[in-house]
Number of protein chains: 2
Amino acid sequence: MADRAVTLADVARRAGTSTAVVSYVINDGPRPVAAETRERVLAAAAELGYRPNRVARALRSRTTGVVGLVLADASNPYFAALARCIEQALDEHGKLTLIGNAGYAAERQRNLVERFLAAQVDGLVIVSADGGTDVAAGAEAAGVPAVYVHNQPTRAHAPVVAADNRTAVHEAVAHLRWHGHERIAFLAGPHDIGPVGLRRQNWHTAVADAELLRCDYSRAAAATSAERRITDGAMPRALITATDEQAIGILAGARTRGLSVPDHLALISLDGTPDSAYTAPALTVTRQPLQAMAEHAVDQLLGTTTPPSVPDAALVIRHSCGCRPTTDCTTNSRHSPE
Amino acid sequence: MADRAVTLADVARRAGTSTAVVSYVINDGPRPVAAETRERVLAAAAELGYRPNRVARALRSRTTGVVGLVLADASNPYFAALARCIEQALDEHGKLTLIGNAGYAAERQRNLVERFLAAQVDGLVIVSADGGTDVAAGAEAAGVPAVYVHNQPTRAHAPVVAADNRTAVHEAVAHLRWHGHERIAFLAGPHDIGPVGLRRQNWHTAVADAELLRCDYSRAAAATSAERRITDGAMPRALITATDEQAIGILAGARTRGLSVPDHLALISLDGTPDSAYTAPALTVTRQPLQAMAEHAVDQLLGTTTPPSVPDAALVIRHSCGCRPTTDCTTNSRHSPE
DNA sequence: CTGAAAGCGCTTACAG
DNA sequence: CTGAAAGCGCTTACAG
């Protein structure tokens, strides 16, 4: 097939002009070109089927138009939805997205960042899981801007973009109280770090003495944990889970043990992924503003505008809290029965 | 910060040798270097914190080490799981993944391919939705290999990697028959194209006269459609859905209308994403071998090995078909009561 | 085993 | 408004 790609020099030759001029018309600048010359160049480019070589351009101009996105696991629905929003935001800025899954392994995350830097990315968006190291530091040292989204390692220097969960968590607690629950437990992750730690703190300020549960973030772990607690008679009556994955696991465990949600367990989750609307019962959640987070992060990274601040997470009332499909609970977002 | 990045020339200068030799030790070839010289170079590189510039390397060597992945929508769990597997397979071959969501729009898909080609990708993996154009043709014309995964436009020239659903669909039909169902309906997409068309055909050869339903692929569309049918008394008693998203929507619609699955509707779905294990009831599915598909596609693209063929989809029996948690149905995969 | 040098395909000062 | 030429940071024939 393609013996040799058509180059800018080929276009120049055909248009009877210099490569400089061809470059100016292809890039629409930085210097003006006579209308007639421009026509000739455009015609020559079209006839030859010219496609600019971005890597040559990148080498010369020191900007690749590519941003690296490092992720824990793109098959986790929360990260998947976030990644989708980030890719879209980057696309709107004309950037291409290099993606890599670090899979909860700090070493792989470092490796990915190293390879992205070698690929000369213009920036780095890092959606890491708990407990990573400050990989953004290496990027900054190389003069490449970086931004954390959702999670940030302790003592990181790069900015973080995350929603404020304070109001939403307090609303979730208030809503469960309105349903008559006094003791509202919280299911956190294995450690008190990252956004989940923050969510837990927000819960704790609202609920002085209730129980703190822990388990891994997977659906399977949450299901097993729920089954065990139910068997032991140790399942609380009202629970807030840090993530949708955990809530979905709890739902599965409750079903296996024949425990009714919301009759015997009222549940609110704190992610609000699309999945949460299709569970049985549908999950009442605090919805993270993923798109706003993505746009904010990209704006911050690319420094084009002073980004507006990310909105708080919002309470979305469905049925796992005890509100019935027949009762119109959506009007109860102020938590007052009337 | 980084005034200027450390280059290979800097390393050569410090090691007191030529850039050629530095290149040879960094790349471990293609020509031999004396052990002592190699040590000096390695030491110099380490002291200077040298990081090879992949774009310069790419310009000269005409290979970027980057593969483009074009996707319909990475937030759809089926595509998300597949994308994750593809990224992993590429990573195992030392390739970086440039990702783009075409969002079911043929024009956007073309645009993405064009930009990936301009970025000089070494190959293209295309996971398109129904009805796309043959974007791989443009890649081949540019001398860039391409492979379709899951779906392929009609009259495409590039290879497709997809699982054979024949056996699995026949097993699904047989399993529902074993449950006593004679008329087994099928929920397809809006059109009879792509993998869903194939799945429908497989169903049709097994079921002569049963009903064919259609709706969009979204959960919401399937839910609405189910609600309407239930209200109209037009919901079949046994149904195979082309995708998990549709099955999850059907489950939601049935719940809203108080129709019990599997008591009044036996359901089997044909994707088998991780989500399908956590619905209520858990979905009996035909599971697509996503990892094998991804590895096969990447092997084919990179041409390193003659790839083994992709295994067939396999029936995974859970509860939406009518098998009970208490009954051990997993031993019934031969569909004979004994 | 090593070095000097050309060249990948662009962009961009520098002259005119 | 346009052209000739340098140079981005590598790899790789070509000599030795």
Side-chain angles (χ1 to χ4, degrees), chain A residues 2-42 44-45 48-66 117-122 142-143, chain B residues 2-42 44-45 48-66 117-122 142-143:
Chain A
D3 318 290
R4 198 178 59 82
V6 176
T7 70
L8 191 141
D10 296 328
V11 177
R13 206 169 302 123
R14 176 154 191 142
T17 181
S18 71
T19 58
V21 165
V22 176
S23 173
Y24 300 146
V25 353
I26 297 297
N27 298 309
D28 219 9
R31 288 197 324 203
V33 174
E36 196 203 342
T37 315
R38 139 172 277 107
E39 289 312 314
R40 275 210 324 280
V41 168
L42 256 17
L48 296 174
Y50 172 64
R51 171 185 294 131
N53 182 328
R54 307 275 312 195
V55 353
R57 181 185 215 288
L59 178 60
R60 181 58 227 244
S61 68
R62 309 182 146 289
T63 156
T64 52
V66 173
L117 291 176
Q120 311 298 117
V121 294
D122 291 343
Chain B
D3 318 289
R4 197 179 59 82
V6 177
T7 70
L8 191 141
D10 296 329
V11 176
R13 206 168 304 122
R14 176 153 193 144
T17 180
S18 71
T19 58
V21 165
V22 176
S23 173
Y24 300 146
V25 352
I26 296 296
N27 298 308
D28 218 9
R31 288 198 326 204
V33 174
E36 197 204 341
T37 315
R38 138 171 279 107
E39 289 312 315
R40 275 209 325 278
V41 169
L42 256 19
L48 296 174
Y50 172 63
R51 171 186 295 131
N53 182 326
R54 307 274 313 193
V55 352
R57 179 186 216 289
L59 179 59
R60 180 59 227 241
S61 68
R62 311 180 143 289
T63 156
T64 51
V66 173
L117 291 176
Q120 311 297 118
V121 293
D122 292 342

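Proteins get letters first, then strands, A, B, ... in listed order; numbering begins at 1 in each. The shown structure was predicted, so the numbers you read here are calculated from the model rather than taken from an experiment.
Across D/dG16 and D/dT12, the matching C1' atoms stand 16 Å from one another, rounded to whole Å. The P atoms of D/dA5 and D/dC1 are separated by 24 Å, rounded to the nearest whole Å.
Closest of all the heavy-atom pairs between A/G65 and A/D122 is N-OD2, 2.7 Å. A/R14 and A/A44 make their closest contact through CG-CB, 3.8 Å (heavy atoms, listed as atom of the first residue, atom of the second, distance). Here the closest non-hydrogen pair linking A/T17 and A/V21 is OG1-CB, 3.4 Å. The nearest pair of heavy atoms linking A/L8 to A/Y50 is N-CE1, 3.4 Å.
At the heavy-atom level, A/A34 lies under 4.0 Å from the strands shown only through sugar-phosphate atoms. Within the 4.0 angstrom heavy-atom criterion, only backbone atoms of the sugar-phosphate kind lie near B/R62; the bases stay farther away. Nucleic acid contact class of B/T17 (heavy atoms, under 4.0 Å, all strands): sugar-phosphate only.
Each of B/P30 and B/V55 has a nearest nucleotide on DNA chain D; the 5'-most of these lies closest to B/V55. If you find the closest nucleotide of DNA chain C to B/T19 and to B/T37, the one lying nearer the 5' end belongs to B/T37.
Using a distance-only test at 3.5 Å, with no hydrogens or angles considered, no donor-acceptor pair links the side chain of A/R54 to the main chain of B/A118.
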| task | Apply side chain to side chain contact (heavy atoms under 4.5 Å, CB included) to the pair B/N53 and B/T7, showing each step before the final yes or no. | result | CA-CA 8 Å; B/N53 182 326; B/T7 70; over 6 Å; no
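Base pairing analysis places C/dA4 opposite nothing; no Watson-Crick or G-U wobble pair with both distances below 3.5 Å involves it.
Read 5' to 3', the first and last nucleotides of DNA chain D with an atom closer than 4.0 Å to a heavy atom of chain B are D/dG9 to D/dA15.
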